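Since we're looking at a predicted model, the values are computed, not measured. Numbers restart at 1 for each chain; the letters A, B, ... are given by sequence-line order, proteins then strands. Computation of the quantities below employed the complete heavy-atom set of this structure, encompassing side-chain atoms and omitting hydrogens, waters and symmetry-equivalent molecules.
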Amino acid sequence: MPKTNAELAAILQEMADLNEILGANRFKVIALQKAARVVGDHAVALAALGADELKGLDGIGKGVAGRIAEWAQTGRVGELDELRERVPEGLPGLLNVPGLGPKTVQLLWKEAGVASVEDLKSALEDEERVAAVASIKGMGKKKLEGLRKSLAFLERSAGRVRIGTAMNLAELLLERVRGFEGVAEATHAGSLRRGRETIGDIDILVRTDGDEGVRAGIAKAFTGMDLVRDVLAEGVTKASVRVAAGDGPEVQVDLRMVPSSSFGAALMYFTGSKEHNVAMRERAQVRGMSLNEYGLWKGKAPRQGVGEADQLVAGASEAEVFEALGLAWVPPELREDRGELGKAEADDLPRLIEVGDVVADLHTHTTASDGALSIEAMAEAAMARGLKVLAITDHSKSQVQANGLSAERLLEHAAEVREVARRLKGKITLLAGSEVDILADGSLDYPDEVLEQLDVVVASPHAALSQSSEVCTKRLVLAIEHPCVRIIGHPTGRLINRREGLSPDIPRLIEAAREHGVALEINANHYRLDLRDAHAALAVKAGVPLSINTDAHGEADFGQLRFGVLTARRAGATKADVVNCWGVKKLMGWLGA
DNA sequence: GCCGTTTTCGGCCCGACTGTTTTCAGTCG
């Protein structure tokens, strides 16, 4: 069995959890958590690397490298096995219950015999056991009530929500918050602003120069919204709630309020990532300053940001804080502590692609297969969004459930596309293409002489998505080598939170794509975002072009473009790296159309 | 457990809020 980074990350995370519950040194716990994160985010399988290469990675030292080697060789980690013997199997799951930390979990276990989330649920319903739980020090009436609510929340929430879902909810909330008395400005921060594919909670930052009374009023209006299901906290600088819109998932939303003089520092602070913030604060310290959510200060930061005005170096805007630390402004999508500060210091940050740079969509569908609009209506929608090039790429014949086109229907359809293209000449360039299935063996769903007649061929995997890494790598490389293929669509076929998809050897795909001049897609649909950020970053590094496409099946789907662009930005892509941003002439030359 | 332009030992971010603590611990981000 191949050993994936996700499995390894889970092992390290479990070691962190078990150590935490057992009361180990907290910095050891933090180190293990960091190692789990680094491993989970790494684009190349770590099981195959040697100890020296492993130790070169940030956050991985002798200890973790040794355990990775042990796991790679034996499939086990001795220390984890020992830890598991000391703690009931379901106990770490309790750490996921909001409001429960390692101290309380340990007390629940040792003093009330609670061994899992399920067990806690039944204990809270059982009179005798509730008494045992309530007798724990610090466990009062409100704590118990909070636990009941947290357990209900866990059942209703979907865990991390997809970025598209979170963005919709955030925009709805921002509209409300901007209407509250005393709010000068409101914006989203956190992982949503960094463009991560899934979001744990929504952070909203409010700029207000009102006094405590005004801020308390904003917090009250926020917690009083009709979308609010639970209120977790309500103070004069922050409030925290759980909300749900319609039948959507329940999501935690944190609101923070800061004065104008601190808005930039606070925006940085709440945008994160945590690791980026730590690196920034360390940088401030080295320069005899300190950085918190209220600003950058000479010497030690005053409590609550209320101090001598002459101590404040910067704080009103992000740019001035970066500048005062000798750095260029770092785009939020790059704030992951993966070397961005070094580049910012050398003024060597890439000029990231923006939504407005995209002038072509090379992967869309019409009523000919499973889309909702005609060729003409799709072209109108594309023009309304300012696109200069649109490729119509309906499904191929194996996609029976999607009304995939037979070779004959495809050629008729292509003729229709070209007819509409003639009518719209000068307004938009319409291309006749296909999203052709990459079959399980790597062959394509149409014969070459059919594919040769098209302007653009996007080849995508749709079925056989549980193939082994080795088999699917060969399959995708074969498609890349096909002379008609220009773009590999959603290369892994994953659906976020729903389906794992393929796990090909990404460096090999990139190498093949480079050799054959093929682009790899970032499918912008927020269910897909495939390639994912880390993989797209490898492509950019290797000089392999990306293609950001919406895979639109209707008018609204064109709006998904922003999520594809966010993913490309996280990968460090500039507009030169993305074929959809090229001029029409250059793009047509590349397509050979 | 990790890391090194003060360090191979001794640090490791820090402020807000809650609940039940009569002075602060736990949790969270």
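For A:D17 and B:dT27, the CG to P distance is 13 Å, given to the nearest whole Å. For the pair A:M139 CE and B:dA25 P, the interatomic distance rounds to 17 Å; values are reported in whole Å. Rounded to an integer number of Å, the gap from A:L291 CG to B:dG29 P is 20 Å. One can place CD of A:E282 at 11 Å from C1' of B:dG4, the figure rounded to the nearest angstrom. Between the P atom of B:dT20 and the NZ atom of A:K141 lies a distance of 10 Å, rounded to the nearest Å. Look at CG on A:L107: it is 18 Å from P on B:dG19, rounded to the nearest Å. Going from atom NZ of A:K143 over to atom P of B:dC24 covers 18 Å, rounded to whole Å.
Heavy atoms of A:D201 sit under 4.0 angstrom from primed sugar atoms or phosphate atoms, though from no base atom. At a threshold of 4.0 angstrom between heavy atoms, the contacts of A:Y269 include nucleobase atoms, whether or not backbone atoms are also involved. Note on A:R256: only backbone sugar-phosphate atoms sit closer than 4.0 angstrom, heavy atoms only; bases stay farther off. Note on A:L100: only backbone sugar-phosphate atoms sit closer than 4.0 angstrom, heavy atoms only; bases stay farther off. In this structure, A:D254 reaches the sugar-phosphate backbone alone: every heavy-atom distance under 4.0 Å involves primed, P, OP1 or OP2 atoms, never a base. The residue A:V231 sits apart from the nucleic acid: no heavy atom pair falls under 4.0 Å.
A 3.5 Å limit on both hydrogen-bonding distances identifies no Watson-Crick or G-U partner for B:dT8.
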Practice prompt. Tell me, with the steps shown, if A:R160 and A:T198 meet side-chain hydrogen bond (donor to acceptor under 3.5 Å, both in side chains).
Written response: CA-CA 6 Å; A:R160 294 185 70 87; A:T198 60; 2.8 Å; yes

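Summarising the geometry of A:L341 relative to A:H276, their closest heavy-atom pair is CD2-CE1, 3.8 Å, with the distance given to 0.1 Å. A:M257 and A:K238 get closest at one heavy-atom pair: CE-N, 3.9 Å.
Looking at A:Q252 and A:D254, their side chains do bring a donor and an acceptor atom within 3.5 Å of each other.
Between A:Q252 and B:dG29 there is a side-chain N or O to OP1 or OP2 distance below 4.0 Å. Phosphate proximity of B:dC17 to A:S240: absent, as no side-chain N or O sits under 4.0 Å from OP1 or OP2. At least one side-chain nitrogen or oxygen of A:T104 sits closer than 4.0 Å to the OP1 or OP2 atom of B:dT27.
Considering only the side chain of A:F27, B:dC12 comes nearest among B:dT18, B:dG29, B:dC12. The side chain of A:N292 approaches B:dG15 more closely than any other nucleotide in the set B:dG15, B:dT27, B:dG1. Counting only heavy atoms from C-beta on, A:K238 has its side chain closest to B:dC17 among B:dT27, B:dG1, B:dC17. Nearest nucleotide to the A:A233 side chain, out of B:dG15, B:dG29, B:dC17: B:dC17.
The neighbour count for A:R76 CZ, taken as heavy atoms of other residues, nucleotides or ligands under 6.0 Å away, does not exceed 12. A:R148 CZ: more than 12 foreign heavy atoms inside a 6.0 Å radius.
Look at the C1' atom in both B:dG15 and B:dT22: the space between them is 23 Å, to the nearest Å.
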